[in-house]
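Atoms within each ligand, like the ligands themselves, are counted from 1 in listed order. No hydrogens, no waters, no symmetry mates; every other heavy atom, side chains included, goes into these values.
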Amino acid sequence: MGKRIKNICCIGAGYVGGPTMAVIAHKCPSLNVNVIDISEERIKSWNNKNTDEIPIYEPGLSELIKKCRGKNLFFSNDIKKHIAEADMIFISVNTPTKTKGIGAGKASDLKWVESSARQIAMYANGFTIVVEKSTLPVKTAEVIKSILQAAQQSNKNKKNSATFSVLSNPEFLAEGTAINDLINPDRVLIGGEDEDSIEALSQIYNNWVPKEKILKTNIWSSELAKLTSNAFLAQRISSINSISALCEATGADIREVSRAIGTDSRIGSKFLESGPGFGGSCFKKDILNLVYLSEYFGLPEVASFWNEVVKINTWHQHRIAELITKKLFGTLSSKKIAILGFSFKSNTNDTRESAAIQICKDLMDEGAFLCIHDPKVSKVQIAKDLNCEPINNNVESTAIKDQDYSGIWQSAIDIKMALKNADAAVILTEWEEYSQINWFKFANTMRSPSWVFDSRSIINPKNVVDAGLNFWRVGDGVT
Ligand code: NAD
Ligand code: UGA
């Protein structure tokens, strides 16, 4: 029989903490869920009266927030109070790649995890279950346990002194489908040693997840399974993208190849769509982490195997920028390119590690004038990612071309503005609205000979070619 849980606290109100806690609050009305963060701005934004302006765009999330916020779901900066009240605490903070010191460029920076553990050590009361929700290198639970045990020792004689149990419960949600992934998960993974704590966490999930989908492992297997899962998914994308280059060289078609191999039930059809290269905050960082761990444990061959998955992804992004340049007669100066899509995938406003960032930078280095459109990503975010401010929206593209500005960008209000006078359109995110563009309508507004580059295979080639435009799409050896 697990401990009865009444109050849950989640440290980190990010892409994982916010949606995950919203689903727990929705499915478990008897629980009190408090999401805390050090960022006042983030909490303020989660508490925005207008739920369309919460910090994360995720289909279905705003409805859940409307339903639960203020009832059994709260967002707060009062870290001390909510840790003290909690029976169970999820650590859901960022774990980016280290930028300095030992393991820089590969290992995870555990600064935020450590600071969360110290906050828990300082403020927790009574028996508290601590759950690792962040993606962590195998053996991180050891670090958390040491910090908590040290606190336990020094608080031994105090009233209400805290004792702890640590579990690993990695998150497998994907952005853009987070709410559905949380409500209908393929599996929930719980790693740990203390049966009662595992049971207490399972009981929460049992409110909506069938028992047979809750997998229980030891804590190290759970931590490593999360990294491995992301590495396998990313590896499939790098594999299919590498074959797309071969398709273009040989006359094969990557969509046909994907279909043919995906119908083999041992391979399966998911994650075989060739695109501009994988993005998102986790694939690259988690593989680099795996590379670091393999090196650390004296397995250089294993490290180099996984490192290639990241290397080929970067190569593929440069390859796309390069072929756009080649098709446009080898030079992009005085040319306007409409960039359609900046987020790393559709249905999210997240741009972290988006392939669009590298491809846009490469095109700007070649002297292009980019007019960038994305239905959900803000101008401010794009400027941050490109490390470059946009020119004013009122400046006409013809004027820009005449003056031979190079390597600049403008934010497009709509697709029409992006395409006006453009020499090319490059689709980088598979937003639904781009698949429905009426190319007959826009072809005359572009400068001919104009091109459409579809890195997501969302356009019917006939619609583009019949409108008199040149067409390229990823992995298409016959266009
Ligand atoms: P995020 O950057 O969106 O959010 C993390 C939040 O934690 C930030 O708001 C930050 O201010 C807060 N924070 C950091 N230290 C804190 C502290 N000591 N006290 C209180 N708040 C603190 O990150 P994310 O995308 O939600 O990712 C969190 C973890 O989940 C990472 O380990 C990531 O690898 C993993 N993960 C992410 C996804 C995803 O789709 N983004 C999916 C599965 C797993
Ligand atoms: C990924 C995993 O799918 C989640 O299970 C995991 O929890 C999460 O990482 C994490 O740990 O952060 P996410 O990055 O949100 O989720 O999105 P994915 O759907 O996996 O897409 C990642 C990238 O791969 C995107 O750029 C996407 O466009 C690309 N992709 C995906 C392809 O190019 N082809 C495909 O067939 C699938």
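At a heavy-atom cutoff of 4.0 Å, ligand 1 is contacted by the side chain of Ser281 but not by its backbone. Neither the backbone nor the side chain of Glu114 has any atom closer than 4.0 Å to an atom of ligand 1 (non-hydrogen atoms only). When non-hydrogen atoms are compared, ligand 1 lies under 4.0 Å from neither the backbone nor the side chain of Asp350.
Checked by atom type, the side-chain pair Ser343/Asp350 shows no donor-acceptor distance below 3.5 Å. No side-chain donor from either of Lys345 and Thr429 sits under 3.5 Å from a side-chain acceptor of the other. Counted by atom type alone, Ser274 and Asn241 present one or more donor-acceptor pairs between their side chains at under 3.5 Å. There is a side-chain donor-acceptor pair under 3.5 Å between Asn218 and Ser221. Counted by atom type alone, Tyr57 and Asp52 present zero donor-acceptor pairs between their side chains at under 3.5 Å.
Less than 6.0 angstrom separates the ring centroid of Tyr434 from the ring centroid of His373.
Heavy-atom proximity to atom 38 (C) of ligand 1, evaluated over Ile38, Asp181, Val16, Ile43, is greatest for Val16. Closest heavy-atom approach to atom 18 (N) of ligand 1 among the candidates Ser134, Ser115, Ala117: Ser115. Relative to atom 32 (O) of ligand 1, the option among Asp286, Thr348, Thr95 with the closest non-hydrogen atom is Thr95. Nearest-residue assignment for atom 19 (O) of ligand 2 (options Lys345, Lys226, Lys285; heavy-atom criterion): Lys345. Of the options Phe271, Tyr15, Phe344, Phe278, the smallest heavy-atom separation from atom 37 (C) of ligand 2 is shown by Phe271.
Given atom 8 (C) of ligand 2, the protein heavy atom at minimum distance is Leu173 O, 3.5 Å. Of the protein's non-hydrogen atoms, the one nearest atom 35 (C) of ligand 2 is Glu273 O, 3.6 Å. Of the protein's heavy atoms, Glu175 N, 2.7 Å lies nearest to atom 15 (O) of ligand 2. Looking only at protein heavy atoms, the nearest one to atom 5 (O) of ligand 2 is Phe172 O, 2.7 Å. Among protein heavy atoms, the minimum distance from atom 28 (C) of ligand 1 is reached at Val93 O, 3.3 Å. Protein heavy atom closest to atom 2 (O) of ligand 1, with residue, atom name and distance, is Asn94 CB, 3.6 Å. Looking from atom 9 (O) of ligand 2 to the surrounding protein, the closest heavy atom is Phe283 CE2, 3.6 Å. Counting protein heavy atoms only, atom 12 (O) of ligand 2 is closest to Cys282 SG, 2.7 Å. Among protein heavy atoms, the minimum distance from atom 31 (C) of ligand 2 is reached at Ile237 CD1, 3.5 Å. Among protein heavy atoms, atom 28 (O) of ligand 2 sits closest to Arg456 NH1, 2.7 Å. The protein non-hydrogen atom at the shortest distance from atom 41 (N) of ligand 1 is Glu175 OE2, 2.9 Å. Nearest protein neighbour of atom 10 (C) of ligand 1, counting heavy atoms only, is Asp37 OD1, 3.5 Å.
In terms of modelled atom types and a separation under 3.5 Å, the side chain of Asp181 and the main chain of Ala174 share a donor-acceptor contact. For Asn94 (side chain) and Pro96 (main-chain N/O), no donor-acceptor pair under 3.5 Å exists by modelled atom type.
Below 4.0 Å from some heavy atom of Ile11 lie the following atoms of ligand 1, by number and element: 17 (C), 19 (N), 20 (C), 21 (N). Atoms of ligand 1 found under 4.0 Å from any heavy atom of Lys285 (numbered from 1 in listed order, with element): 33 (C), 34 (O). Listed by atom number, the atoms of ligand 1 under 4.0 Å from Gln119 heavy atoms are 17 (C), 18 (N), 19 (N).
Note on ligand 2: Lys270 sits outside its first shell, no heavy atom being nearer than 4.0 Å.
Ring geometry, Trp306 versus Phe232: the interplanar angle falls from 30° to 60°, so the pair is classed tilted.
By the 3.5 Å distance cut-off applied to N or O atoms, Gly279 is counted among the residues near ligand 2.
A salt bridge links Asp253 to Arg473: one of the charged nitrogens lies within less than 4.0 Å of a carboxylate oxygen. The pair Arg255-Glu273 does not count as a salt bridge, with every side-chain nitrogen at least 4.0 angstrom from each carboxylate oxygen.
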